[in-house]
Engineer: 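This structure is in structure tokens; I'll ask about it shortly.
Counting convention: from 1, in listed order, for ligands and their atoms alike.
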Amino acid sequence: MRVLVVNAGSSSLKSQLIETDGKVSLMKCLAEKVGTPEAYMNVSFAPDFHKTTYNVADLTVEQCLAKLLEVLVDDPESPISGLQQIDAIGNRIVAGGEYFTKSVVIDEPAREKLTACEELAPLHNPPADACIDMMRELMPDTPQVAVFDTAFHATMPAKAYMYPLPREYYDKYRIRRYGAHGTSHRYAAQQAANLLGRPLRDLGLITCHLGNGGSITAVNHGKSIDTSMGFTPLEGLMMGTRSGSIDPAIVTYLMRREHKSFDEMDAILNKKSGILGVSGVSADMRDVLQAAAAGNELAELAIDMYVYRIQKAIGGYYAAMTRTDAVVMTAGIGENSAELRERIFAGLAHMGMILDHERNDVTGQIGVNRIISIDDSPIKICVVTTDEEMRIARETDNLVSQLG
Ligand code: ADP
């Protein structure tokens, strides 16, 4: 089945055309800085994936998607020449709230529930919904599936997902923890089980998705029992530009002292904090590592804090589970930074997570799923390459095949 995967963000669009039978990608697209005059869109096709860059200045996310469809039909390198050659569309949706505990084919009732979820991820869900609507109009006969970042965490028990707030706010607004990055955590857990050669249901795993955003999940016997992101993807770890968990009193204090509006405060916590806010250098870990190596003390502090918060989260989830067989590292930083893994696990050896320095080395190993702990480490450490688009494509194929 040929599935167009659409991953719409607040200011980005990622898309791939995937042939699910051979599990191969036929087209890759990344649009960034969407909505600004600097917006651009890179599109490339198999087998060489030479990028062509398109100017998409000031277009919305769904307009970028429309532009991509034009390219798909018109470009001589494209594997398709008409939209009817796309069998299904798989949409990544950040927040599914309590409405969606698994992926669904988007029919009328599901589309209505998606609107109800928009306020849970006001930056991410509305552009994704706009893409769905645009595609429904353009390709009304092509089935669309929604795959939710939150669905994997639907198994969390109430003690993990409830906040210690007055009950009325849960009753009225469903304020609770939903988690995120679920597709990635589920995939990382399954890949780790393959590496360990044991069924997922027999294992206790701590999966660490460390990219621009970051979250850690306790996967007990294949089920998410707790995760670090909460009501929104702001809770938990320190991230590229997000603060992660802080004393909530700081928010009201700053709003009073500096007369910040709600939107300004939101921007401070989501866009100006985290690694960028502490280091003053960049949100990109590579830049910050470089600055620290050159003696920048604030960059060093940012890395120290980042590592320390991850160590504490791993320790917390160790306590939450009935057993811990492995810690799994995935996403940009988790997969690629041997230095950060070294620093994280240097503090966790006493818990039985013992890194093998040679196996941890990345030379020639980028993209290779592997175990990087020493042979008799009581708890194994795994590295797994995340492939969100492929997972969404396969999930879409599954559901659409059931439609007959
Ligand atoms: P997203 O969450 O946007 O999908 P990614 O998973 O691609 O992000 O992760 C991006 C992060 O990974 C950036 O901070 C980037 O600096 C970091 N990263 C990528 N490669 C390396 C590397 N070799 N060393 C350190 N950090 C890296």
Side-chain angles (χ1 to χ4, degrees), residues 5-16 28-34 42 61 92 94 121 123-124 127-128 147 149 179-185 187-188 191 207-217 227-229 232-234 236-244 270-271 273-294 296 299-300 302-307 309-310 328-345 360-369 372 383-392:
V5 176
V6 178
N7 184 346
S10 51
S11 60
S12 68
L13 172 72
K14 286 188 206 162
S15 177
Q16 283 194 45
K28 292 183 184 179
C29 163
L30 174 65
E32 289 186 302
K33 302 188 180 177
V34 174
N42 286 331
V61 174
R92 177 215 181 194
V94 167
L123 295 180
H124 292 88
V147 178
D149 265 26
H181 292 145
T183 322
S184 173
H185 287 291
Y187 181 74
Q191 294 300 310
T207 51
C208 308
H209 176 110
L210 307 175
N212 277 319
S215 65
I216 302 193
T217 299
T227 190
S228 61
M229 284 179 166
T232 73
L234 183 56
L237 302 178
M238 175 173 168
M239 301 172 226
T241 58
R242 279 172 256 173
S243 64
N270 278 293
K271 301 198 171 140
S273 296
I275 293 162
L276 171 67
V278 175
S279 70
V281 173
S282 165
D284 192 301
M285 187 53 93
R286 283 166 292 202
D287 301 338
V288 180
L289 283 166
Q290 232 175 16
N296 183 322
E300 183 54 36
I303 298 166
D304 245 2
M305 288 168 62
Y306 180 79
V307 165
R309 284 169 175 244
I310 291 170
V328 193
M329 308 295 280
T330 193
I333 297 172
E335 288 166 30
N336 300 314
S337 181
E339 179 178 346
L340 277 174
R341 291 195 300 256
E342 196 76 51
R343 290 175 70 152
I344 291 165
F345 290 103
N360 183 44
D361 191 47
V362 286
T363 319
Q365 298 284 346
I366 295 293
V368 181
N369 291 357
I372 56 166
V383 174
V384 161
T385 304
T386 185
D387 195 345
E388 208 170 16
E389 273 78 22
M390 187 63 72
R391 266 214 68 100
I392 293 171

Engineer: Using the side chain to side chain contact (heavy atoms under 4.5 Å, CB included) definition, which of the options V288, T241, V281 pairs with L276?
Structural biologist: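 Only one option passes, and that is T241.
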Engineer: To check your reading of the model: name the closest protein heavy atom to atom 10 (C) of ligand 1, its residue, and the distance in Å.
Structural biologist: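 Checked against all protein heavy atoms, atom 10 (C) of ligand 1 sits closest to N212 N, 3.7 Å.
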Engineer: Going by heavy-atom distance to atom 23 (N) of ligand 1, choose the closest among V288, D287, T330, N336.
Structural biologist: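 The nearest heavy atom belongs to N336.
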Engineer: Could you find the nearest protein heavy atom to atom 6 (O) of ligand 1 and give me its residue, atom name and distance?
Structural biologist: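 Nearest neighbour among protein heavy atoms for atom 6 (O) of ligand 1, to 0.1 Å: G332 N, 2.8 Å.
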Engineer: State plainly whether the residues R92 and E388 are in salt-bridge range, i.e. N to O under 4.0 Å.
Structural biologist: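 Looking at R92 and E388, the cut-off is met.
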Engineer: What pairs with K28 under side-chain contact (heavy atoms from CB on, under 4.5 Å), at least two apart in sequence or on another chain?
Structural biologist: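 For K28, the residues satisfying side-chain contact (heavy atoms from CB on, under 4.5 Å) (neighbours in sequence not counted) are Q16, S25, S44, F49.
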Engineer: Check each heavy atom of K14 against ligand 1 and say whether those closer than 4.0 Å belong to the side chain, the backbone, both or neither.
Structural biologist: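 It is the side chain that gets close, since no backbone atom is under 4.0 Å.
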Engineer: For ligand 1, is any non-hydrogen atom under 4.0 Å from L289's backbone (N, CA, C, O), its side chain (CB onward), both, or neither?
Structural biologist: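 Within the 4.0 Å criterion, L289 contacts ligand 1 through side-chain atoms alone.
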Engineer: Would you check whether M285 has a nitrogen or oxygen atom less than 3.5 angstrom from a nitrogen or oxygen atom of ligand 1?
Structural biologist: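 By distance alone, the answer is yes.
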Engineer: At what distance is the nearest protein heavy atom to atom 24 (N) of ligand 1, and which residue and atom is it?
Structural biologist: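 Atom 24 (N) of ligand 1 sits closest to the protein heavy atom S337 CB, 3.6 Å.
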Engineer: Which residue is it: N212, L234, L237, I275? I am looking for the one with a side chain to side chain contact (heavy atoms under 4.5 Å, CB included) to R242.
Structural biologist: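 With R242 as partner, side chain to side chain contact (heavy atoms under 4.5 Å, CB included) holds for just one option, L234.
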Engineer: Using a strict 4.0 Å cut-off to heavy atoms of G213, name the atoms of ligand 1 that fall inside it.
Structural biologist: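 So the answer, numbered in order with elements, is 2 (O).
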Engineer: Considering non-hydrogen atoms of the protein only, which is the closest contact for atom 27 (C) of ligand 1, and what is the distance?
Structural biologist: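 Closest protein heavy atom to atom 27 (C) of ligand 1: R286 CG, 3.7 Å.
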Engineer: Which residues satisfy the side-chain contact (heavy atoms from CB on, under 4.5 Å) test with V34, sequence neighbours excluded?
Structural biologist: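 By the side-chain contact (heavy atoms from CB on, under 4.5 Å) rule, V34 matches A31, V61, C64.
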Engineer: Tell me which protein heavy atom sits closest to atom 16 (O) of ligand 1, plus the residue, atom name and distance to 0.1 Å.
Structural biologist: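 Its nearest protein heavy-atom neighbour is D284 OD1, 2.4 Å.
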Engineer: Return the orientation label for the H185 and H209 ring planes: parallel under 30°, perpendicular over 60°, tilted otherwise.
Structural biologist: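 Taking H209 first and then H185, their aromatic rings sit tilted (interplane angle of 30° to 60°).
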Engineer: Note the single closest protein heavy atom to atom 11 (C) of ligand 1, along with its residue, its atom name and the distance in Å.
Structural biologist: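 Scanning the protein heavy atoms, the shortest distance from atom 11 (C) of ligand 1 goes to I333 CG1, 3.8 Å.
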Engineer: Could you say whether the N/O atoms of L210 and ligand 1 ever approach to under 3.5 Å?
Structural biologist: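 No; every N/O pair is 3.5 Å or more apart.
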